[in-house]
Chemist: 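One structure coming up, written as structure tokens, with questions to follow.
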There are 2 protein chains.
Amino acid sequence: MSHDTKLIDLFDRLARVAGNDRTAQGLNPVQWEALRFFARANRFSRNPSGLRQYLGVTKGTVSQSIIVLEKKGLLKKVPDSRDRRGVEVRLTAAGRKLLVDDPLNRWREDLAVLSAAQRKSLEATLEHLLRAALQHRERQPFGFCRDCVHFARDEASGAPHFCALLEVPLSDEDSQLICREQAPG
Amino acid sequence: MSHDTKLIDLFDRLARVAGNDRTAQGLNPVQWEALRFFARANRFSRNPSGLRQYLGVTKGTVSQSIIVLEKKGLLKKVPDSRDRRGVEVRLTAAGRKLLVDDPLNRWREDLAVLSAAQRKSLEATLEHLLRAALQHRERQPFGFCRDCVHFARDEASGAPHFCALLEVPLSDEDSQLICREQAPG
DNA sequence: CCTTTAAGTATCGACTCGATACTTAAGTAC
DNA sequence: GTACTTAAGTATCGAGTCGATACTTAAAGG
């Protein structure tokens with residue numbers, strides 16, 4: 001019985017409660033997570049292997065989930081012009097519309113019981129913890145493009161920004177999305 | 001894009017990462033949760049409907065999970081002497097032994113990146129949040145017996161403690177377990 | 001008694017998820 | 001170029017979760 005037992009139990013319990021109200025609008029937990037991911041991932045990340053990395057599951061699993069969401073008309077696949085093995089996954093208008101009723105939004109009401117200072121502090125602590133946990137498990141942080149070590153702002157190249165890792169220009173929109181290659185700077 | 005979006009995303013992501021390493025020792029997430037629950041629930045709570053309330057799933061689901069764990073030799077069912085419809089679920093020696101290698105323990109290492117003050121603050125905040133979330137969803141908090149409004153310490157009745165709701169004497173051990181009837185005082 | 005309610009089980013169908021095997025396309029070596 | 005290797009994605013299978021439904025048994029209350 002170490003001193004962190006209660007904290008771990010709280011995580012476990014919160015995760016379970018969150019999981020419980022994730023089945024809504026006919027979508028199950030993983031489908032919601034996939035929808036959220038593709039809505040927020042940049043063009044280097046919004047493909048099946050990006051989701052695979054994000055969720056930490058096998059490619060067969062994500063392949064199935066994407067096919068189901070495609071059948072529901074919430075996602076559509078577009079061939080990748082640069083690599084013909086790959087596909088780009090995009091939300092349809094129906095997908096974006098459904099995301100407005102994300103069951104995770106229920107937590108906004110719950111978070112209201114905390115003060116602004118508490119929420120701020122909680123956010124910083126959880127971010128720290130998540131980063132450590134992902135590093136420990138050798139997984140990518142999937143942070144914002146603009147917070148990356150490879151991000152160069154206001155390049156003279158014409159485009160507003162630039163990625164020094166992939167060596168491509170970046171739009172303003174790109175910089176505000178999450179990226180599988182992101183390394184916190 | 002409300003201001004709590006990032007906080008909700010952090011919860012979602014932490015929950016997913018925690019879920020990923022919950023498949024260990026041949027047990028899946030729900031089986032681990034059941035094992036943990038029965039190890040910590042008091043005698044009024046360690047039955048199928050207690051787990052049902054705790055996890056927020058249907059009785060058919062918990063019935064199946066318990067049967068699987070019984071077949072694995074980690075749990076055993078004992079008829080309830082007071083109510084012949086009910087059963088008491090107890091961990092076997094093998095169950096207790098397995099719990100030592102709970103994959104959730106991996107978080108202890110991750111929590112080490114936080115200072116003692118941060119952990120303390122995090123614990124208080126999460127407890128507050130969980131309580132609000134459970135109340136919002138009309139679910140029981142499953143707190144410690146000793147922290148309950150119905151708990152009476154050092155009764156003159158002979159037993160060390162007493163539950164004013166169920167009107168039964170309580171041992172010291174009872175008071176340190178979680179209870180489905182618990183109402184925070 | 002008889003009706004209602006509660007605890008638990010049995011069964012079904014839809015889905016997740018890991019594992020395995022497969023297809024197609026890049027990348028690289030020669 | 002041809003051959004080998006690696007990567008992206010799909011197809012399929014089996015075990016398990018989970019809600020829904022129907023059922024059995026027992027308690028509880030007129």
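Each chain gets a letter, A, B and so on, in the order the sequences are listed, and its residues count up from 1. Values in this document were obtained by computation on a predicted structure and should not be read as measured data. Only this structure's heavy atoms are used, side chains among them; waters, hydrogens and symmetry mates stay out.
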Chemist: Polar-atom pairs under 3.5 Å, protein N or O versus N or O of nucleotides 23-30 of chain D: list them with distances, or write none.
Modeler:
| from | atom 1 | to | atom 2 | distance (Å) |
| --- | --- | --- | --- | --- |
| dA27(D) | OP1 | Arg84(B) | N | 2.9 |

Chemist: Of the listed nucleotides (dC17(C), dA10(C), dG8(C)), which one gets closest to any side-chain atom of Ile67(B)?
Modeler: dA10(C)

Chemist: Any salt bridge linking Asp110(A) with Arg137(B)? Criterion: basic side-chain nitrogen under 4.0 Å from a carboxylate oxygen.
Modeler: yes

Chemist: Are a donor atom and an acceptor atom from the side chains of Arg180(A) and Asn47(A) found within less than 3.5 Å of each other?
Modeler: yes

Chemist: Rounded to the nearest angstrom, tell me the gap between atom NZ in Lys72(B) and atom C1' in dG16(D).
Modeler: 10 Å

Chemist: From the options dG16(D), dT16(C), dG19(D), select the nucleotide whose nearest atom is closest to the side chain of Asn28(B).
Modeler: dG16(D)

Chemist: Taking only Lys NZ, Arg NE, NH1 and NH2, and the carboxylate oxygens of Asp or Glu, determine whether Glu70(B) and Lys76(B) approach each other closer than 4.0 Å.
Modeler: no

Chemist: Where the side chain of Gln31(B) is defined as all heavy atoms beyond and including C-beta, which of dC18(D), dA11(D), dT17(D) is the nearest nucleotide?
Modeler: dT17(D)

Chemist: Counting just side-chain N and O atoms, does Lys77(A) come under 4.0 Å of either OP1 or OP2 of dT10(D)?
Modeler: yes

Chemist: When you check the gap from the basic side-chain N to the acidic O, do Arg40(B) and Asp9(A) get nearer than 4.0 Å?
Modeler: yes

Chemist: Rounded to whole angstrom units, what separation is found between the CD atom of Glu33(A) and the P atom of dT16(C)?
Modeler: 11 Å

Chemist: Contact class for Val62(B) (heavy atom, under 4.0 Å): base, sugar-phosphate, or nothing?
Modeler: nothing

Chemist: Any side-chain N or O of Arg16(B) under 4.0 Å from OP1/OP2 of dC17(C)?
Modeler: yes

Chemist: How close or far is atom P of dA8(D) from atom CD of Glu88(A), stated in whole angstroms?
Modeler: 15 Å

Chemist: Quick test of your reading of the model: are Glu123(A) and Arg119(A) salt-bridged, counting only N-O distances below 4.0 Å?
Modeler: no

Chemist: May I have the distance from Leu75(A) (atom CG) to dG9(D) (atom P), rounded to whole angstrom?
Modeler: 14 Å

Chemist: For the pair made of CG in Leu27(A) and P in dA14(C), what is the distance, rounded to whole Å?
Modeler: 16 Å

Chemist: Assign each of Asn20(B) and Gly86(B) to its nearest nucleotide of DNA chain C by heavy atoms, then name whichever residue's nucleotide is nearer the 5' end.
Modeler: Gly86(B)

Chemist: Please determine whether a side-chain nitrogen of the Lys or Arg among Arg36(A) and Asp12(B) lies less than 4.0 Å from a carboxylate oxygen of the Asp or Glu.
Modeler: yes

Chemist: Looking only at the side chain of Asn47(B) (C-beta and beyond, no hydrogens), which of the listed nucleotides dG8(C), dG9(D), dT16(C) gets closest?
Modeler: dG8(C)

Chemist: Check whether any side-chain nitrogen or oxygen of Ser65(A) sits under 4.0 Å from OP1 or OP2 of dC15(C), and answer yes or no.
Modeler: no

Chemist: Closer than 4.0 Å, any side-chain N/O of Thr58(B) to the OP1 or OP2 of dC18(D)?
Modeler: no

Chemist: Quick check for you: among dC17(C), dA11(D), dT17(D), whose closest atom lies nearest to any side-chain atom of Val30(A)?
Modeler: dC17(C)

Chemist: How many Å lie between CD on Gln64(A) and P on dT17(D), as a whole number?
Modeler: 20 Å

Chemist: If you compare all heavy atoms of Cys179(A) against all heavy atoms of Ser45(A), which two are closest, and at what distance to 0.1 Å?
Modeler: CA-OG, 3.3 Å

Chemist: Does Ser63(B) put a side-chain nitrogen or oxygen below 4.0 Å from OP1 or OP2 of dT9(C)?
Modeler: yes

Chemist: Can you measure Ile66(B) atom CD1 to dG16(D) atom P for me and round it to whole angstrom units?
Modeler: 16 Å

Chemist: So Thr61(A), base contact, sugar-phosphate only, or nothing? Heavy-atom distance under 4.0 Å.
Modeler: base

Chemist: Using 4.0 Å as the upper bound for N to carboxylate O, is an ion pair formed by Glu88(B) and Arg90(B)?
Modeler: yes

